[in-house]
Number of protein chains: 4
Amino acid sequence: MLAAMNLFVEKGIQGTPMSAIAKAAGTGMGTIYNYFATKEELINAIYLHIKTSEITQTLKSLDSNSSLKTKFLEFYISFINFYLKHPAGFAFMDQMQNSPIITEATKAQGLNAFGPVFELITQGQKEGIIKPLEMESILYFLAGTINTFVRWIQKADKNTQQQKIAAQLSMVWDAVKA
Amino acid sequence: MLAAMNLFVEKGIQGTPMSAIAKAAGTGMGTIYNYFATKEELINAIYLHIKTSEITQTLKSLDSNSSLKTKFLEFYISFINFYLKHPAGFAFMDQMQNSPIITEATKAQGLNAFGPVFELITQGQKEGIIKPLEMESILYFLAGTINTFVRWIQKADKNTQQQKIAAQLSMVWDAVKA
Amino acid sequence: MLAAMNLFVEKGIQGTPMSAIAKAAGTGMGTIYNYFATKEELINAIYLHIKTSEITQTLKSLDSNSSLKTKFLEFYISFINFYLKHPAGFAFMDQMQNSPIITEATKAQGLNAFGPVFELITQGQKEGIIKPLEMESILYFLAGTINTFVRWIQKADKNTQQQKIAAQLSMVWDAVKA
Amino acid sequence: MLAAMNLFVEKGIQGTPMSAIAKAAGTGMGTIYNYFATKEELINAIYLHIKTSEITQTLKSLDSNSSLKTKFLEFYISFINFYLKHPAGFAFMDQMQNSPIITEATKAQGLNAFGPVFELITQGQKEGIIKPLEMESILYFLAGTINTFVRWIQKADKNTQQQKIAAQLSMVWDAVKA
DNA sequence: CATGAATGAGATTTCATTCAT
DNA sequence: GATGAATGAAATCTCATTCAT
């Protein structure tokens, strides 16, 4: 899966034959097909793996004693850091986000992992700290900002990253705070 | 180009042979190749056409007498409405956003059209109305929010659209306002 | 189709890749697929072509002034001669007779051409010359005898063919005559 | 072998992977290869097994006190009944009859078992009851009629089978009788 | 002796592009 | 300038067979 992901990112889905994946992974092509019935199934598996890791990793770095605002921002930063640490994973997800290859079932499974984010926002709304808008409204808003932000700072000078993140956080928090 | 775009959206780039485009467009395959040297060139042309229309159309609906905040929000709404009116165009751009098929040259050309948005934001910053952040920081932020927002409300109930847009605007404005 | 048939007979269906057919036919592989959507469709087309020729050719050699018995035997001989003249065609049909590749539709179409044989036998039954059995009973009987007979004498010494045919006819006629 | 035969009949040789046979037989793939060196060897073994059973079973039902004509017809009926009782076996043989997979050696071995039929016909010829034609001429004739006949009545209404068999016997006997 | 994961050669099919008409 | 039949490289996927366990 790792070999496949890297190739998909580098050459595109289309530009990566299964034979190339097998070679990069050091196996035979048939072996891949023993685990993933089709190329699409392999792609979905990678998607789900990243989507799940995304949350799992992010949750680890959460300090449960912080204030809600701090927790929220930590969460947001965590996501950004996750993708900065895994640029290939980000590029893969970016490419796949709207691809018809990712099935609805996979997307639904991927969403499952996001329960903790729901809770945090709901809690903030109860406390009157976060705007009392529809959950989806807020989630899609945040997702959109993370996506373009990461795409941008990946290409930017490392020295300015902290400053850019601060700017981003200021916009994000003002956007959602009540 | 229209026939091609609709097919690309419906069946995917991969799933749309040039022969299908020719048939849908009511011409021969050779004719397409008289105007676009390759399939990729055709795709880039469509991309650029939409990107340009996006701005052209949006500028039309701008009332130059409004306050800066109103202008800004009108701009934002305009973008949303443009894509709501052209769902195939949106789906196409969404699909192509991170595709290696779109060349850097095309992307750069697409950016050219965005001069008026630059000016508006710069003006707002001078007046102390908009956060004094890097231009790109703000632009990517806005672009990200528009993208996921449109994708979401396209699928949503038409009756709730206005309310969702209002919610979105409240977040967007709070995010960028000084 | 001719190139394909010869290869199918020589190497078997399985043992004949489309690339080999293309090469033998002096075309590109894609060209074959412009006329036959799949390998199976090509095989069905060959089957139908032979089945149709079988009757067309046979009918030509029929003397309409002969007695019914003579006509019947001429018919029978004609079939045999057709296949002796086209051994590859025979081998192909022999191979395909019970193959699941040949669709029911193709078989039904192939049967259409056999109207004249039906008529001849019906006529013979009316005249009390041929056993008053079910039409299918007689047809399958005859078909079975032709099949194994041709397969046999193809391998046999040419000098004894006439004698073998005479023996066969004596059995066939005794079998069906009233 | 039984599991393999049933799958071959149902899905075709081509459509039956060794893994499917192993699963259906409740063993591992390797185990099959301990008994049959290749898939083709397995197929030849099945062929030979059926060919041998065909005669063995048929001989059992023979009444040695009957007249030669009766014996002959009993033989013929016996073959038909054997295949009606083993439709999968028939379908398998039908499919394999002219397949290049069955080796000449296997075919020759299969023929060995047919000694008793030879004798019966030779005896009939000596007694002047059966046409004094070449042995092969008669055998191929009979084989052909059995083949198409069984294929036909397998699909037919069970109630009419006896009547169809009677019709068939009348043709067969008239064909071979002196 | 049984097992079944691993293998990769090879088969079918697609489709961007060309070019004679 | 328009056309679409011809092309063949290249992609996905299958499966007989092996062999370490």
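Only a predicted model underlies this, so the values are computations on that prediction, with no experimental measurement involved.
To the nearest angstrom, C1' of F:dT14 lies 16 Å from CD of A:Glu41. Atom-to-atom, NZ of D:Lys23 to P of E:dA5 comes out at 11 Å; the value is rounded to the nearest Å. Computed from coordinates, the A:Ile101 CD1 to F:dA11 P distance equals 15 Å when rounded to whole Å. The interatomic distance linking C:Ile43 (CD1) with E:dA11 (P) rounds to 14 Å, in whole Å. Rounded to whole angstrom, the span from the CD1 atom of A:Ile21 across to the P atom of F:dC13 amounts to 11 Å.
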What pairs of nitrogen or oxygen atoms, one from the protein and one from nucleotides 15-18 of chain F, lie under 3.5 Å apart?
residue : atom : partner : partner atom : Å
F:dA16  : OP1  : D:Lys39 : NZ           : 2.6
F:dA16  : OP2  : D:Met18 : N            : 2.5
F:dT17  : OP2  : D:Tyr33 : OH           : 3.1
F:dT17  : OP2  : D:Lys39 : N            : 2.9

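Residues passing the side-chain contact (heavy atoms from CB on, under 4.5 Å) test with A:Pro87 are A:Gln154, sequence neighbours excluded.
In this structure, the side chains of B:Ile46 and B:Phe8 come closer than 4.5 Å at one or more pairs of heavy atoms. Inter-residue side-chain proximity for C:Gln95 and D:Asn98 is flagged as unmet; no heavy-atom pair is nearer than 4.5 Å.
Contact between the side-chain N/O atoms of C:Tyr35 and the OP1/OP2 oxygens of F:dA5 is not found at any separation under 4.0 Å.
Ring centroid separation for the pair A:Phe82 and A:His86 comes in under the 6.0 Å cut-off.
Taking a pair as Watson-Crick or G-U with both hydrogen-bonding distances under 3.5 Å, the stems of three or more pairs touching DNA chain E are E:2-21 with F:2-21.
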